[in-house]
**Student:** 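Take this structure, written in structure tokens, and hold onto it; I'll ask about it next.
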Amino acid sequence: MRFLTLERGHGPAERARIAELRERDGYVSDISLALRYRPELFGAPFSELVQQVMKGPSAWAEGERALFAAFVSSLNQCPF
């Protein structure tokens, strides 16, 4: 059985953007790192899904959804 191996680490463009974020904010969140690792496989599709959930048709206003996300993030002790 053949196993696929994944390259370790971010590509040069992603590493540069991560360095910019770290310089600007003093840290880079785990989700930000995950979204930038092989963005064509996970980051781009997941980001598109998040935009649909946060800004697409819903009974809740966009601001209400952002408030829910911020509240859940605070419960999980992660920055929103």
Side-chain angles (χ1 to χ4, degrees):
M1 177 184 283
R2 292 182 66 192
F3 292 96
L4 298 176
T5 60
L6 299 176
E7 291 180 12
R8 293 189 176 255
H10 294 85
E14 290 82 16
R15 280 196 301 269
R17 182 64 180 136
I18 290 166
E20 290 173 13
L21 292 171
R22 189 168 281 125
E23 178 68 27
R24 185 190 75 190
D25 301 334
Y27 73 98
V28 180
S29 67
D30 289 342
I31 188 65
S32 186
L33 292 172
L35 291 173
R36 285 174 174 76
Y37 180 76
R38 299 186 68 184
E40 70 283 0
L41 291 177
F42 174 71
F46 184 75
S47 293
E48 185 178 320
L49 174 66
V50 168
Q51 289 303 310
Q52 290 173 4
V53 168
M54 294 299 288
K55 299 180 185 282
S58 174
W60 293 317
E62 188 177 324
E64 290 172 314
R65 289 179 270 180
L67 185 60
F68 298 152
F71 178 73
V72 171
S73 292
S74 71
L75 291 177
N76 292 325
Q77 299 179 346
C78 69
F80 173 69

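Fair warning: this is a prediction, and the values are worked out from it, not measured in the lab.
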**Student:** If you round to the nearest 0.5 Å, how far is CD of Gln52 from OG of Ser58?
**Tutor:**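 Interatomic distance, Ser58 OG to Gln52 CD, rounded to 0.5 Å: 13.0 Å.
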**Student:** Are Ile31 and Val50 co-members of a hydrophobic cluster defined by side-chain heavy atoms under 4.5 Å apart?
**Tutor:**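 Both belong to a single hydrophobic cluster.
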**Student:** What's the separation between atom OG in Ser47 and atom CZ in Phe42, rounded to the nearest 0.5 Å?
**Tutor:**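 It comes to 8.0 Å.
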**Student:** For atom CD of Glu23, is the number of surrounding heavy atoms from other residues, nucleotides or ligands below 6.0 Å larger than 12?
**Tutor:**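 No, not enclosed.
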**Student:** Under a 3.5 Å distance rule, please check whether Arg22 uses its side chain to pair with a backbone N or O of Val28 as donor and acceptor.
**Tutor:**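 Side chain of Arg22 to backbone of Val28, a donor-acceptor pair under 3.5 Å: no, none is there.
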**Student:** Minimum heavy-atom separation for Pro39 to Pro45, with atom names?
**Tutor:**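 For Pro39 versus Pro45, the nearest heavy atoms are O-CD, 3.6 Å.
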**Student:** Same cluster or not: Leu33 versus Leu21, using hydrophobic residues (I, L, V, M, F, W, Y) connected whenever any side-chain heavy atoms lie under 4.5 Å apart?
**Tutor:**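 Yes, Leu33 connects to Leu21 through the hydrophobic network.
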**Student:** Please find the pair of heavy atoms, one from Arg36 and one from Ile18, that lie closest to each other, and give the distance.
**Tutor:**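 Shortest heavy-atom contact: CD-CG1, 3.8 Å.
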**Student:** Please determine whether the number of non-hydrogen atoms from other residues, nucleotides or ligands lying under 6.0 Å from atom CG of Asp30 exceeds 12.
**Tutor:**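 12 or below, so no.
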**Student:** Thinking salt bridges, do Glu62 and Arg65 make one under a 4.0 Å N-O criterion?
**Tutor:**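 Judged by the 4.0 Å cut-off on N to carboxylate O distance, Glu62 and Arg65 do not form a salt bridge.
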**Student:** Report the distance from atom CZ of Phe71 to atom CD of Glu64, rounding to the nearest 0.5 Å.
**Tutor:**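 Atom-to-atom, Phe71:CZ and Glu64:CD are 15.0 Å apart.
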**Student:** Under 4.5 Å between side-chain heavy atoms, counting indirect links through other Ile/Leu/Val/Met/Phe/Trp/Tyr residues: same cluster for Phe46 and Met54 or not?
**Tutor:**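 Phe46 clusters together with Met54.
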